[in-house]
Amino acid sequence: MSLVKLTIKGISYSQTQNGAYALILNEVDGDRKLPIVIGAFEAQSIAIALEKEIKPPRPLTHDLFKSFADRFDIVIKQVIIHKLVDGVFYSSMICERDKIEEIIDARTSDAIALALRFNAPIFTYKNILDKAGIYLKINPDSENLEHDLDSVLSASEPFLEESNDSKNLFSKHSLSELHEMLETAVNDEDYEKAAKIRDEISKREL
C-alpha cells in the first residue's frame, strides 16, 4: 500500500461538539483533508508545538517525552496513521536508537504532537485517505477560518481520534452491552476505557 504524506492544515474548537477539537490534516500533493476529532489537552499540545514562540513555563507531557528521548538518543523518524476501524484512527511511531528501528503504537493525537516536536513527517495510507478524506477549500487567511474548520468537524463525526469521549464511542451500545464491555475492559486492565464506559453507564442510569 502506498503512503501519502500529510501536513497540518489547522486546528479549531468545535461549536457543535462540546469539548472537541478538529485537527485537519492535508495531503501534500492533493486537495483532500483528513479530519480527526481530538481532545482539549492534545489540541493544546499540538497548538503549542505549531506556535514555535510559545514556551510553557513547565514542560507538557509531550515536551517531557521529547526531553527523555533526547537524553537517551531516541529519535522519532516518522508517524503513520495506519488503520481506520469503526471510525477510530490508529497510528504508529517509527523510532530509532543506535540505528535500530522500533515501531511504537500511539494515539493519533499523541503521535502528531510528538511528530511536530521531532520534525518528523506524518503519513497515512492511500486507502485510508480514500475512505475518510474529504474535499474542502479552506482559506488560511480567512477571518472565518474557525467556522470553516468547524464545518469540517461536523462533516467528520464518524472519524474520531482514539481518545474521544464516551458519548461518541459508546452511545450506540445498549446498557447490557456497556456492562459487558466494562467487565472486559477491567479484565484487560484498560482502565481509561473502563472509566469512559462507566461514565456512559452512569449517565444512562440517572
Side-chain angles (χ1 to χ4, degrees), residues 1-11 21-133 140 156 159-164 169 185 188-193:
M1 292 183 289
S2 58
L3 287 172
V4 179
K5 190 174 183 179
L6 303 170
T7 59
I8 296 177
K9 187 68 175 179
I11 187 169
Y21 286 75
L23 172 64
I24 312 298
L25 303 176
N26 191 83
E27 63 176 329
V28 170
D29 297 319
D31 297 322
R32 286 177 295 182
K33 311 293 187 292
L34 189 66
I36 304 175
V37 178
I38 64 174
F41 172 79
E42 293 81 5
Q44 179 191 51
S45 182
I46 291 171
I48 287 174
L50 288 170
E51 297 291 336
K52 303 297 184 183
E53 294 79 14
I54 298 178
K55 296 292 183 183
R58 300 295 295 162
L60 300 177
T61 301
H62 299 110
D63 298 320
L64 177 61
F65 184 98
K66 176 66 164 58
S67 298
F68 181 89
D70 288 345
R71 182 67 59 89
F72 292 96
D73 297 321
I74 300 168
V75 177
I76 294 178
K77 306 291 290 184
Q78 61 182 10
V79 164
I80 301 176
I81 304 172
H82 64 86
K83 188 166 63 173
L84 175 61
V85 178
D86 295 331
V88 178
F89 290 102
Y90 295 83
S91 296
S92 296
M93 301 184 301
I94 313 302
C95 305
E96 183 180 275
R97 181 172 184 263
D98 295 333
K99 297 183 179 180
I100 298 174
E101 285 193 352
E102 297 284 351
I103 300 175
I104 307 295
D105 181 53
R107 296 185 306 170
T108 298
S109 56
D110 288 330
I112 290 174
L114 289 170
L116 287 169
R117 287 161 169 81
F118 283 87
N119 294 316
I122 304 165
F123 297 93
T124 192
Y125 289 109
K126 182 179 180 298
N127 65 322
I128 293 178
L129 197 57
D130 290 341
K131 181 178 180 180
S156 66
F159 305 111
L160 307 174
E161 204 276 328
E162 187 174 7
S163 66
N164 201 43
L169 292 178
D188 292 341
E189 297 184 355
D190 188 348
Y191 300 118
E192 181 178 355
K193 182 178 180 180

[X] side, atom [atom1]; [Y] side, atom [atom2] - distance, nearest 0.5 Å:
X: Ser91; Y: His82; atom1: OG; atom2: NE2; result: 6.0 Å
X: Leu129; Y: Lys131; atom1: CG; atom2: NZ; result: 13.0 Å
X: Thr61; Y: Phe68; atom1: OG1; atom2: CZ; result: 14.0 Å
X: Asp130; Y: Leu84; atom1: CG; atom2: CG; result: 12.0 Å

Whether the side chain of Thr124 engages the backbone of Ile81 through a donor-acceptor N/O pair (distance < 3.5 Å, no angle test) should be reported.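 Answer holds: yes.
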
Look at the side chain of Arg97 and the backbone N and O of Val75, then say whether any donor-acceptor pair between them is shorter than 3.5 Å.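 Looks like no, no N/O pair under 3.5 Å.
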
Would you check if Val79 and Leu114 make a side-chain contact, meaning some heavy-atom pair closer than 4.5 Å?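 When only atoms from C-beta onward are counted, Leu114 and Val79 do not touch, as no gap falls below 4.5 Å.
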
Report, as yes or no, whether the 6.0 Å neighbourhood of atom CG on Leu64 holds more than 12 heavy atoms from other residues, nucleotides or ligands.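 Buried by this count: over 12 neighbours within 6.0 Å.
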
Is the number of heavy atoms from other residues, nucleotides or ligands within 6.0 Å of CD (Glu102) greater than 12?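 No, CD of Glu102 has 12 or fewer neighbouring heavy atoms, counting only those of other groups under 6.0 Å.
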
Does a salt bridge link Asp63 with Arg58, judged by any charged N lying under 4.0 Å from a carboxylate O?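 Salt bridge between Asp63 and Arg58, a charged N being under 4.0 Å from a carboxylate O: no.
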
What I want to find out is whether Lys33 reaches Glu27 closely enough, with some N-O distance under 4.0 Å, to be called a salt bridge.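 Salt bridge between Lys33 and Glu27, a charged N being under 4.0 Å from a carboxylate O: no.
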
Against the six-membered ring of Phe89, is Lys83 placed for a cation-pi contact (under 6.0 Å from the centre, within 45° of the normal)?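 Not flagged: Lys83 not positioned over aromatic ring of Phe89.
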
As a quick check of understanding, evaluate side chain to side chain donor-acceptor pair (under 3.5 Å) for Arg117 and Ser67, giving each step before the final call. CA-CA 10 Å; Arg117 287 161 169 81; Ser67 298; over 6 Å; no

If you look at every heavy atom in Ala69 and Phe118, which pair is closest and at what distance?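 Minimum heavy-atom separation between Ala69 and Phe118: CB-CZ, 3.6 Å.
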
Stepwise side-chain contact (heavy atoms from CB on, under 4.5 Å) check, Phe65 with Ile76: CA-CA 11 Å; Phe65 184 98; Ile76 294 178; 4.1 Å; yes

